[in-house]
Amino acid sequence: MKKIDIEIRKASVEDIGFLLKLEKESFPAFQRSTKQSIKHSIESDFQEVLIAATKDGSNTPIGALVLFKYSKSLRIYSIAIASSFQKKGYGDYLLKHVYEFANRHQYGKILIEVSAKNTTLIDWYKTKGFYTLGMVKDYYCEGEDALKMEFNAKAISCSKKTSNIIVINQPYKWAFTDINAKIISVKEYINNPIYQTNTDFRIFNLCSSYKYQSYGYYVSLLASARGQRIIPSTITIRDFGILNVIHSAAYDIEEHINSSLYKEKGNAFSLNIYFGQTNIKGYNSLASKLHQLFEAPLFKVDFIKHDEKWMIKKLKVLTLNKVPESDLNCVYEFAEKYFNKKRFNNTKLVNYKYDIAVLVDPKETNSPSCPKALEKFKSAANRKGLYLEFITKKDIDKINEFDALFIRETTCVNNHTYEFSRMAYAEGLVVLDDPWSILRCSNKIYQNEIFKKHKILTPETNIFTKNLFDKKVLKQMNYPLVLKQPDSAFSLGVIKVVNEIEALAAINDLFKISDMLVCQEFLYSEFDWRIGIIDNTPLFACKYYMSKDHWQIYNWKGEEEDHSGDSETLSIESVPEIVVQTALKASSLIGDGLYGVDLKMIDGKVYVVEVNDNPNVDVDVEDLVLKDKLYDLIIESIYNRIEIAKNVQKIDFRHKSK
């Protein structure tokens, strides 16, 4: 018999006939319930009698489940599947429902008694995580012993992951069911209390229309109000119709669009994207990048060629009924690939509220946090009731299993760190550093413009452009000068020149890497201030001294094993107020993330050198004053951001008996 879709509903007195028949064929005489006891169970507040029935319109009952609801534990009194439907996995389905019920109502454990002679059933429960508590002699009757078994229900909420829910007007039209997602109707999503109160759902809205005040519109609206991740959101649906917004969002991948479409002969091209993939050979990379930017399960992109440059002409969210029939098999295939990706299977022994992924590179020699600091972040997260997992660049397909991403390896717009940040943001995660902070902090040309606009004092700065550069300007400069690659970091790509000849040679070298570069006056100071800031609030303060016999904090050509200079950590209160206030003003122009603002104080004036995303937080350096509290404050910020993003409402789900 082919496996069919089933649903769980509460039993009524009309089900007594089926339940009596099920008792007779499923249990020996000494274990059967009478008609009177079944009726009592259905009407009892203490018991929960549930029916597993087909979803094919006939609503044929195929199994049943009876639960006893104690204050802290849930007892499975009976669980049975009709003989003609056995060995199809429906028993697993009912047990899974018990797990969900226990989790939803906050029961600490699940109890069951099994006939001691039924070794097959005992072994089955053991494979499902139950363990033996002990034997009860003559439990059912004389000579019929029972084995008491227990399942730790707290482990359910510890190891649970966000559940994928596909909402569709007519679920029976979704012809493919072998995916890690539950298919439900609009009616069930709107009315079922399970979906009204649980934030651990990712909702994929595949309704037949997204028009204003349609069912599709309200599904996305309700999911957002319920604190669930919704794809597409009402904002995405709206933005798809605004061309300026589309062009702005696609700005970062214009080069990729053109390199992908350069072989196309005509002036127009269309691409249908299903769950981040496409059935047109050679365009999956482009489809993936577009899917990261535009958060919709199914959408169509129309491109147009203008002045030898490809650009997006139109972007349209597709519903399942608008997908060409010839593409439906591809939709199901891509959905299977999307939903059935390998997930984290880490066993957690504590019930954590949220999961944080920390992106690290174990091989990075100059990472933003040393191994000891990373462990301190983990301890801080655990103290806050958060689960923290270290991941690497190979784990990009696992991002959507977390509530937040915290990047602790050196960021760069042109490597996987930015891709992780962008994808995590697209998946609805809290991200530190967010993609905009990475973009703004990685480019000193951007910072120079924004600081100048807001009258923030910086070293005197000139921007040189490759095709417009006139070497005569070097004769008018006051030396020494500092030449910088716009995305330089950790003193790399920064060159000090003392005369015109050195300057011209360095500029020619830098123009091989970038079409623009930064030229700044050299301001010597014994140390640079570093003010750590999060949520526009000062966090830590350090003096970073220049490396020995060198003009920079880092001397990569030095003979010492430690390439950096000395440091001194101070309390925020002991830092000159003008330094702190200037740092706060500069960082606020970037965002509200975690930043390190570098400043120089010379003759009473404070100059902003740059604002860094992903600043160093190391043991015995940045944490010298605050100690473990520094890690607690950063984790606290991530926690608060998750709470705000999810709009969590604390609801008591426990049963209240009459």
Side-chain angles (χ1 to χ4, degrees), residues 1-29 31-70 73-105 107 110-114 121 124-125 128 151 153 156 163 165 171-172 177 182-185 187-198 653 655 657-658:
M1 181 189 292
K2 182 181 177 182
K3 187 175 179 179
I4 55 177
D5 288 334
I6 62 171
E7 61 183 0
I8 306 292
R9 60 173 173 80
K10 294 195 73 168
S12 66
V13 291
E14 284 77 23
D15 295 305
I16 291 178
F18 166 73
L19 291 169
L20 278 171
K21 182 182 176 183
L22 190 64
E23 289 280 320
K24 189 174 182 179
E25 72 176 31
S26 302
F27 305 110
Q31 280 186 305
R32 293 174 194 161
S33 297
T34 64
K35 182 178 181 179
Q36 185 177 358
S37 65
I38 291 173
K39 184 174 184 293
H40 171 75
S41 296
I42 292 172
E43 295 173 345
S44 169
D45 285 334
F46 171 70
Q47 298 182 48
E48 190 87 3
V49 183
L50 302 168
I51 299 289
T54 62
K55 291 175 69 176
D56 58 2
S58 65
N59 197 30
T60 305
I62 67 165
L65 179 66
V66 180
L67 303 173
F68 284 10
K69 301 176 289 187
Y70 298 98
S73 60
L74 185 68
R75 178 185 169 202
I76 302 175
Y77 180 74
S78 69
I79 182 170
I81 299 294
S83 57
S84 57
F85 291 92
Q86 289 179 4
K87 297 183 179 179
K88 300 287 181 184
Y90 296 120
D92 291 275
Y93 184 89
L94 281 178
L95 190 58
K96 183 180 178 183
H97 185 81
V98 176
Y99 293 159
E100 292 173 350
F101 189 95
N103 182 41
R104 193 163 64 250
H105 294 271
Y107 289 108
I110 301 170
L111 305 172
I112 193 167
E113 296 82 30
V114 185
L121 187 59
W124 182 77
Y125 276 115
K128 304 303 177 186
F151 179 88
I156 303 169
S163 300
I165 306 294
Y172 66 87
T177 57
K182 187 175 182 180
I183 318 297
I184 65 171
S185 67
K187 181 181 178 182
E188 184 173 359
Y189 177 71
I190 292 174
N191 297 312
N192 193 326
I194 291 175
Y195 305 112
Q196 294 173 0
T197 56
N198 194 335
F653 294 112
H655 177 77
S657 56
K658 293 181 181 177

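Side chains included, hydrogens not; waters and symmetry mates left out as well; all remaining heavy atoms used.
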Under 3.5 Å side-chain donor-acceptor pair for S41 and S44: no
Validation row: I165, Y195 side chains within 4.5 angstrom (heavy atoms): yes
Partner set under salt bridge (Lys or Arg N to Asp or Glu O under 4.0 Å) for E188, not counting sequence neighbours: none
Close side-chain approach of D15 and K10, heavy atoms under 4.5 Å: no
Sequence-distant partners of A52, side-chain contact (heavy atoms from CB on, under 4.5 Å), two or more places apart: I6, I8, I62, L94
Working for side chain to side chain contact (heavy atoms under 4.5 Å, CB included), residues V49 and L19: CA-CA 10 Å; V49 183; L19 291 169; 4.2 Å; yes
Pairing residues for L20 by the side-chain contact (heavy atoms from CB on, under 4.5 Å) criterion, not counting sequence neighbours: I16, K35, I38
side-chain contact (heavy atoms from CB on, under 4.5 Å) partners for F27, two or more places apart: E23, Q31, R32, S78, A80
Shortest non-hydrogen contact from A11 toward I42: O-CG2, 3.7 Å
Member of L50, I76, I112 meeting the side-chain contact (heavy atoms from CB on, under 4.5 Å) criterion with V98: I76
Side chain to side chain, Y107 and K69, heavy atoms closer than 4.5 Å: yes
Check against side chain to side chain contact (heavy atoms under 4.5 Å, CB included), K128 and F151: CA-CA 9 Å; K128 304 303 177 186; F151 179 88; 5.9 Å; no
Partner set under salt bridge (Lys or Arg N to Asp or Glu O under 4.0 Å) for K96, not counting sequence neighbours: none
For L121, side-chain contact (heavy atoms from CB on, under 4.5 Å) partners two or more places apart: V114, N118, W124, Y125
Side chain to side chain donor-acceptor pair (under 3.5 Å) between T34 and Q36, worked out: CA-CA 5 Å; T34 64; Q36 185 177 358; 5.4 Å; no
Plane angle bin for F68 and F46 - parallel if under 30°, tilted between 30 and 60°, otherwise perpendicular: tilted
